[in-house]
Amino acid sequence: MAANGNNGTRATGPRAVALVGPFQSGKTTLLEAILSRTGVIQRQGAVEAGNTVGDATKEARHHRMSVELTVATTTFMGDSYTFLDCPGSVEFVHDMRAVLPAIDAAIVVCEMDEKKVPQLQLILRELEEQKIPRILFVNKIDKADAGVHDLLKLLQPASRTKLVLRQIPTFSGDLITGFVDLALERAFVYKEHAPSQVVPLEGELADREKTARFSMLETLADHDDELMEQLLEDIQPPRDKVFDDLTRELREGLVSPVLLGTAIRANGVLRLMKALRHESPGIAETAKRLGVKAGGGDAVAYVLKTLSTAHGGKMSVARVLAGQAGDGTTFLSSSGDETGRVAGVFKLVGQNSEKRGPAAVGEVVALAKLDKAKTGDTLTAGKAPHAQVAKVEPYAPVLAIAISAKERKDDVKLGQALNKLAEEDPSITIVHNPETHEVVLWGQGEMHLRVATERLSDRFGVAIERRQPTVGYRETIRKGTTQRGRHKKQSGGHGQFGDVVLEIKPLPRGSGFQFEEQITGGVVPRNYIPSVEEGVIDALKHGPLGFPVVDLHVALIDGSYHTVDSSDMAFRTAGRIGISEGLPQCQPVLLEPIHLVEIVCPSEATAKINALMSGRRGQILGFDTREGWDGWDVVRAKMPEAEIGDLIVEIRSATAGAGTFTFKFDHMAELTGRTADQIVAARRAAE
Ligand SMILES: Nc1nc2c(ncn2[C@@H]2O[C@H](COP(=O)(O)OP(=O)(O)OP(=O)(O)O)[C@@H](O)[C@H]2O)c(=O)[nH]1
Ligand SMILES: [Mg+2]
């Protein structure tokens, strides 16, 4: 198939490009290099020195890693580019996932590091599924050795699309000192913080170049018959044709080019920018990919991140997918709700926001005061809602902590802060446990929750205390009994009198609580019976072991009353006494929640995961290959809730961060012996 007329024509208009990749691969450093190369900043800062444009929040600086998205807009050769520097840590992956629908292309920053290949695979998977063009940037070439020859062998397994090596490194001894661009057929030596210098391509290097170029062309020819013929007939394809093919095949998702560089020295950055400029699609193609309907010129925008500014204002970082968005634009969400009226359009460069005029199609800006807009919303200024261009559900949380305000007076403030926290980061879930009165914060991992609590104090001014959340233990009985509950009080004038006989019987697991009345002859008057049941329920909230009691049947079989002294209160008390005195005779036993756990992990970690599960009282149900995932397994097990607490921490450490799990309540199981005794003792001590 010959290149058609559109191919090779440069996309125009503003671009949105995400910097993604495994943890610590150098994305934020690369952003810094791009900003310095494009003149936004005078000097390139370093993550180590804590002076980069990205990661400028207190939490990011403190942990020396990206803990949220950084947005920075710059200009290169007359075009506007917004870079979205995404955190690499899997715990903050939602910030990346929410960004992806809005971008024209992704730069996947990676390293020559075998350990990081599974993570790379996860990221490429997301991009492949969303059909987002992607360029791999192999960073830290300064640290790579001669093994870099095997670059594709290492990286290809992570990608389902064919990788094409666009550049080969050149060496001086063991050090990589430059590269040959295989499309341009030109050799360069790296200069620190300056454009690379062209050097003659000759001798042994020219031979290496020929071989590498041929294999690049072979890959491209898989999707271009004309090129295939030229290669077979030993005809040199024209350079323009090669560029056209690179462009078309990148945009159509047939190949992913691989470029090299060293972000800390800004090496390889200009070539990367040029590849973006010439080869990445623009907003027209992206809007098509997303199915944007630009009816009547109304603005359509996608919200990729929500920020709470220091002064409490809300900003929706959005990409304009059609029309233009300016002050006064009123938006509707996909569900037809008014999200508010734009009051301020800002250009972002990290923490720096600069007021500007209306945003044109393709631009990424922060829109102020869209009070009801949420991350992931598709907004339209039209009369009818626009279909959601993408639906990004956060991953189910995997780790929880219980939190409370350090000072009681901050309780209300904490509630408000939690709302803002969840608005900024939808991968956090806040659950109020009505039984224990705990506020439980669910998140994606230890660091995620740590940063969340830091934000609560740094950004929203609420100091908090954190605890392990209470495990949902219950207790039940193993045998039945019949017990009288009698409440009699003669205090001055009016006395209190209630008298009941309760028959208590165990029920099968999962039955809950049943109450039945079997009163004959009106020994307990009808109107008092609901109060007896209430008294029973009161007592069941706190059984002899200290936990809520479940799976039992209580029948009211007998009793007596007094015409003057009996009352609802008295019968409620009698019911409660009957249960409290009866249960200890029923062989109470502890119940613990057991969950069905499903772990996904790279196969080389499966044995470790099995051992880990068995070590935590897990019952392995089996393991399988993960469908559609070469080199991955799924392990299924049943596991007590108490052991799941920090399971994610262990899974991540056994899988270089790539493994994860989901869980679902399965059943309550009896727990006896030492573990049970310890739990009961701890409960008593806590009371
Ligand atoms: N040797 C070398 N080190 C680099 C290079 N680029 C980044 N680093 C170092 O790698 C570490 C991580 O850099 P970052 O830029 O924070 O990486 P990142 O991908 O943004 O990290 P996360 O966002 O936390 O995933 C820092 O210590 C950098 O100084 C490079 O080109 N060469
Ligand atoms: Mg970073």
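Atoms within each ligand, like the ligands themselves, are counted from 1 in listed order. For the single chain, residues carry numbers from 1 onward in sequence order.
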Enquirer: For Asp85 and ligand 1, does the shortest N/O to N/O distance drop below 3.5 Å?
Expert: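 The answer is no, given that Asp85 and ligand 1 share no N or O pair closer than 3.5 Å.
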
Enquirer: Any carboxylate oxygen within less than 4.0 angstrom of a Lys/Arg side-chain nitrogen, looking at Glu424 and Arg459?
Expert: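 Yes, this pair counts.
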
Enquirer: Are Glu48 and Arg64 ion-paired here, with the side-chain N under 4.0 Å from a carboxylate O?
Expert: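 So Glu48 does not pair with Arg64 through a salt bridge.
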
Enquirer: Whether Asp95 and Lys305 form a salt bridge (side-chain N of Lys/Arg under 4.0 Å from carboxylate O of Asp/Glu) is what I want to check.
Expert: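 A salt bridge is present here (some side-chain N lies under 4.0 Å from a carboxylate O).
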
Enquirer: Between Glu32 and ligand 1, which residue portion shows a heavy-atom distance shorter than 4.0 Å: side chain, backbone, both, or neither?
Expert: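 Neither; nothing of Glu32 gets under 4.0 Å from ligand 1.
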
Enquirer: Looking at atom 29 (O) of ligand 1, what's its closest protein heavy atom, distance included?
Expert: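 In this structure, atom 29 (O) of ligand 1 has Glu48 OE1, 3.0 Å as its nearest protein heavy atom.
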
Enquirer: Closer than 4.0 Å to some heavy atom of Met65 - which atoms of ligand 1 meet that?
Expert: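 Numbered from 1, ligand 1 contributes 24 (O).
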
Enquirer: Would Arg208 and Glu204 pass as an ion pair if we require N to O under 4.0 Å?
Expert: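 Looking at Arg208 and Glu204, the cut-off is met.
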
Enquirer: Between Lys131 and Glu285, is there a salt bridge with N-O shorter than 4.0 Å?
Expert: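 No, no charged N to carboxylate O under 4.0 Å.
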
Enquirer: Which ligand 1 atoms does Lys143 reach within 4.0 Å, using its non-hydrogen atoms?
Expert: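 Every atom of ligand 1 under 4.0 Å from some heavy atom of Lys143: 1 (N).
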
Enquirer: Using the ring centroid of each side chain, check whether Phe663 and Phe661 are separated by less than 6.0 Å.
Expert: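 Yes, close enough.
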
Enquirer: Which one holds for Lys140 and ligand 1: side chain close, backbone close, both close, or neither close, with close meaning a heavy atom under 4.0 Å?
Expert: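 It is both parts that get close, each with some atom under 4.0 Å.
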
Enquirer: Give a yes/no answer: is there an N/O/S atom of Thr28 under 2.8 Å from the Mg ion (ligand 2)?
Expert: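 Yes, Thr28 qualifies, because one of its backbone or side-chain N, O or S atoms lies under 2.8 Å.
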
Enquirer: Phe23 heavy atoms, cut-off 4.0 Å: which ligand 1 atoms fall inside?
Expert: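 Result: 24 (O), 25 (O).
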
Enquirer: In Å, rounded to the nearest 0.5 Å, how long is the span from CG of Asp181 to CZ of Arg186?
Expert: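 CZ of Arg186 is found 8.5 Å from CG of Asp181.
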
Enquirer: Please write down residue, atom name and distance for the protein heavy atom closest to atom 31 (O) of ligand 1.
Expert: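 So the nearest neighbour among protein heavy atoms is Ala263 N, 2.9 Å.
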
Enquirer: May I ask whether Ser25 has any heavy atom positioned less than 4.0 angstrom from an atom of ligand 1?
Expert: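 In this structure, Ser25 qualifies as a contact of ligand 1 - some heavy atom is under 4.0 Å.
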
Enquirer: Would you say the Mg ion (ligand 2) has Thr29 as a near neighbour, meaning an N/O/S atom of that residue under 2.8 Å away?
Expert: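 It does not: Thr29 brings no N, O or S atom closer than 2.8 Å to the Mg ion (ligand 2).
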
Enquirer: If I apply the N/O under 3.5 Å rule, does Gly88 come out as touching ligand 1?
Expert: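 Checking ligand 1 against Gly88, an N or O pair does fall under 3.5 Å apart.
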
Enquirer: Under 3.5 Å, N or O to N or O, is Gly26 touching ligand 1 that way?
Expert: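 N/O-N/O distance under 3.5 Å: yes.
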
Enquirer: Please state which protein non-hydrogen atom is closest to atom 25 (O) of ligand 1 and give its distance, to 0.1 Å?
Expert: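 Looking only at protein heavy atoms, the one closest to atom 25 (O) of ligand 1 is Gln24 N, 2.8 Å.
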
Enquirer: Can Arg356 and Glu363 be counted as an ion pair, charged N to O under 4.0 angstrom?
Expert: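 Between Glu363 and Arg356 there is a salt bridge, with a charged N closer than 4.0 Å to a carboxylate O.
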
Enquirer: Judging by distance only, is a nitrogen or oxygen of Thr29 under 3.5 angstrom from one on ligand 1?
Expert: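 Between Thr29 and ligand 1 (N or O atoms, distance only) the closest approach is under 3.5 Å.
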
Enquirer: Return the closest protein heavy atom for atom 30 (C) of ligand 1 as residue, atom name and distance.
Expert: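 Residue, atom and distance for the closest contact: Ile264 CG1, 3.2 Å.
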
Enquirer: For atom 23 (O) of ligand 1, which protein heavy atom lies nearest, and how many Å away is it?
Expert: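 The protein heavy atom lying closest is Ser66 OG, 2.8 Å.
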
Enquirer: Which of these, Val47, Asn139, Asp142, has its nearest heavy atom closest to atom 6 (N) of ligand 1?
Expert: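 Shortest heavy-atom distance from atom 6 (N) of ligand 1: Asn139.
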
Enquirer: Ion pair present between Asp104 and Arg15, side-chain N to carboxylate O less than 4.0 angstrom?
Expert: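 Between Arg15 and Asp104 there is no salt bridge, as every charged N stays at least 4.0 Å from the carboxylate O atoms.
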
Enquirer: Do Arg97 and Tyr395 meet the cation-pi criteria used here (NZ or CZ under 6.0 Å from the six-membered ring centre, within 45° of the axis)?
Expert: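 Positive - Arg97 is close enough to the ring of Tyr395 and near enough to its axis.
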
Enquirer: Measure the spacing between CG of Leu441 and CG of Leu418 and express it to the nearest 0.5 Å.
Expert: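 Reported value, rounded in 0.5 Å steps: 6.5 Å.
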
